[in-house]
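Quick note: numbers below take in every heavy atom, side chains included, and nothing from hydrogens, waters or symmetry partners. We name chains A, B, ... by the order of the sequence lines, and we start the count at 1 in each one. If you're wondering where the values come from, they're calculated on a predicted model, not measured in any experiment.
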Number of protein chains: 2
Amino acid sequence: METTSLTIPRYRHVYNRLREKIQDGVYQPGDVLPSENVLCERYELTRPTIRQSLSELVKDGLIIKQKGVGSIVQKPKTGIGILNIRSTTSSFPKGTLSTRVIESPTVGEWPSDMAFDIEDDLREAGCVSLSRVRSLHDTAVFYERTYLPNINLPRFTQRKFEDKSLFKTLAKHYDIHVTGGKQKIRAMKADAHTAQMLLLHVGDPILQLEKEYTTNRNKYLFYASLWCNTDNYYLEGAL
Amino acid sequence: METTSLTIPRYRHVYNRLREKIQDGVYQPGDVLPSENVLCERYELTRPTIRQSLSELVKDGLIIKQKGVGSIVQKPKTGIGILNIRSTTSSFPKGTLSTRVIESPTVGEWPSDMAFDIEDDLREAGCVSLSRVRSLHDTAVFYERTYLPNINLPRFTQRKFEDKSLFKTLAKHYDIHVTGGKQKIRAMKADAHTAQMLLLHVGDPILQLEKEYTTNRNKYLFYASLWCNTDNYYLEGAL
DNA sequence: CTAACTTGCCTGTCTATACAAGTGAAATGG
DNA sequence: CCATTTCACTTGTATAGACAGGCAAGTTAG
């Protein structure tokens with residue numbers, strides 16, 4: 001019997017609430033969040049749990065903590081927040097990012113020029129790939145190709161990703177949660193295809209990211225390649 | 001009275017030990033680290049403390065954790081590990097990275113084109129800047145300019161950074177520890193000066209990083225600009 | 001021999017508590 | 001009025017223990 005853990009951890013619940021309040025402007029940049037002890041009372045949790053929520057906000061760069069002072073809300077990012085682990089869509093305020101699906105999910109082979117080594121199990125299972133272009137304020141900012149192992153993903157190729165994020169789809173329908181990963185970054189010249197996708201000229205400098213995501217499912221990794229136009233927007237992230 | 005905290009936290013001590021053992025090959029890639037309970041006994045600490053050490057190793061991408069299995073050692077990075085918070089020198093095995101000082105620490109003004117807003121206090125204090133070129137296997141991989149506020153840094157301009165890292169110098173002589181930060185990344189064409197530093201041609205695609213570091217000292221921030229040649233080495237980091 | 005079950009080990013989550021140490025404002029004393 | 005001390009509040013570090021849930025190997029029943 002598969003016992004999917006549909007209960008989200010409490011620290012994540014608090015993280016979500018606080019993040020909403022920061023992104024909605026309830027807590028303004030420069031403000032100090034309620035102290036850890038106050039949050040303990042408010043959410044009826046103990047301090048280690050609250051601290052775990054706050055440390056996730058630090059990871060995202062939404063707050064910084066100062067000993068003897070508190071948790072200070074940071075100014076929202078002006079660039080593209082895809083350096084950290086959150087899904088792309090959740091890195092932007094609602095409505096600012098638009099997505100165009102170039103290639104719907106298709107079953108096929110793994111690409112030959114993967115930036116990461118993949119295990120034989122995954123290679124044999126084959127690969128589901130899709131590609132999208134994301135735009136910010138009507139300028140194409142990045143072109144993304146995602147590769148997932150074709151294991152236990154019933155009806156995946158028929159799903160739509162227009163409005164939903166891939167991360168949420170994986171979580172909701174397949175109980176797959178991203179737990180971590182690695183990335184590689186380099187600068188390169190745009191080739192013909194990428195230039196077309198990002199509305200640039202061939203040879204323009206673009207930024208390439210290769211990502212490997214680990215999940216709660218043992219040995220289930222998936223991959224994404226991104227090409228970014230950074231003429232107007234930096235990539236941003238916390239250290 | 002200044003009471004400098006010269007005792008390092010225990011979780012950091014364990015982190016350092018484990019990291020040494022991983023980088024020295026005592027624990028090989030694919031190996032499972034001793035379980036948390038075993039580490040508790042070995043270092044005579046409790047599990048939350050051990051877990052904090054391990055979570056730092058996860059941040060660095062040195063291990064990943066798998067529920068029901070353990071902490072699995074990852075393959076060492078083949079690229080440049082400057083996306084995370086560690087100092088540049090500590091991101092490389094000893095002896096692989098060479099540093100050439102282009103401009104020794106000099107007191108002057110802040111640059112006019114800073115990627116981050118700086119507070120008035122810092123601006124008025126003036127700025128100490130230095131620049132270095134770092135090479136990996138005889139190829140120049142990045143050119144780095146560092147900017148520090150000129151506050152309480154006696155004899156700083158006379159110090160040498162040839163062999164020591166800036167992070168260690170700040171920690172040892174001034175008790176300044178880096179606690180976090182932000183970064184911005186973009187792709188651009190090399191200008192004349194950068195091309196000369198990195199032995200490239202003008203117009204070649206290079207990667208630019210702007211970093212803002214926060215420290216344990218209240219309101220003491222410092223900054224670094226990096227230009228990277230990613231022709232041969234990716235930038236790598238954990239998510 | 002194979003499939004189902006049991007068991008032990010492992011990490012993930014959470015509680016309850018304690019003390020150390022940094023910060024800033026209020027109280028105090030000259 | 002100003003400098004110093006005190007104090008309340010904050011986060012940082014650490015202990016001790018509990019229960020859940022994933023994983024793999026060994027055991028047992030068919």
[X] has an atom [atom1]; how far is it from atom [atom2] of [N], in whole Å?
{"X": "Lys219(B)", "N": "dG22(C)", "atom1": "NZ", "atom2": "P", "value": "18 Å"}
{"X": "Ile72(B)", "N": "dA24(D)", "atom1": "CD1", "atom2": "P", "value": "10 Å"}
{"X": "Arg217(A)", "N": "dC23(D)", "atom1": "CZ", "atom2": "C1'", "value": "15 Å"}
{"X": "Ile50(B)", "N": "dT13(D)", "atom1": "CD1", "atom2": "C1'", "value": "14 Å"}

Salt bridge (charged side-chain N to carboxylate O under 4.0 Å, His left out) with Lys211(A): which residues, sequence neighbours excluded?
none
Nucleotide by nucleotide, 5' to 3', does protein get under 4.0 Å of the base (B), only the sugar-phosphate (S), or neither (-) in nucleotides 7-16 of chain C, counting heavy atoms?
---BBBBSBB
Within the 4.0 Å limit for protein heavy atoms, which parts of nucleotides 3-8 of chain D are touched? Write it as a string from 5' to 3', B for base, S for sugar-phosphate only, - for none.
------
With sequence neighbours left out, write down each residue that passes side chain to side chain contact (heavy atoms under 4.5 Å, CB included) with Arg145(B), or none if nothing qualifies.
Glu103(B), Ser129(B), Ser131(B), Tyr143(B), Tyr147(B), Trp227(B)
Mark yes when over 12 heavy atoms from residues, nucleotides or ligands other than Glu44(A) sit less than 6.0 Å from its CD; otherwise mark no.
no
Phe167(A), Tyr223(A), Phe116(A) screened by ring-ring contact (aromatic ring centres under 6.0 Å, His included) with Tyr213(A), the one that passes
Phe167(A)
Under 3.5 Å side-chain donor-acceptor pair for Lys182(A) and Gln74(B)
yes
With sequence neighbours excluded, give me every salt bridge (Lys or Arg N to Asp or Glu O under 4.0 Å) pair touching residues 80-91 of chain A.
Glu56(A)-Arg86(A), Asp60(A)-Arg86(A)
Flag the pair Ile185(A) / Ile185(B) as yes when at least one side-chain heavy-atom distance between them is below 4.5 Å, and no otherwise.
yes
Going by the side chain to side chain donor-acceptor pair (under 3.5 Å) test, which pairs reach into residues 107-118 of chain A, not counting sequence neighbours?
Asp117(A)-Lys75(B)
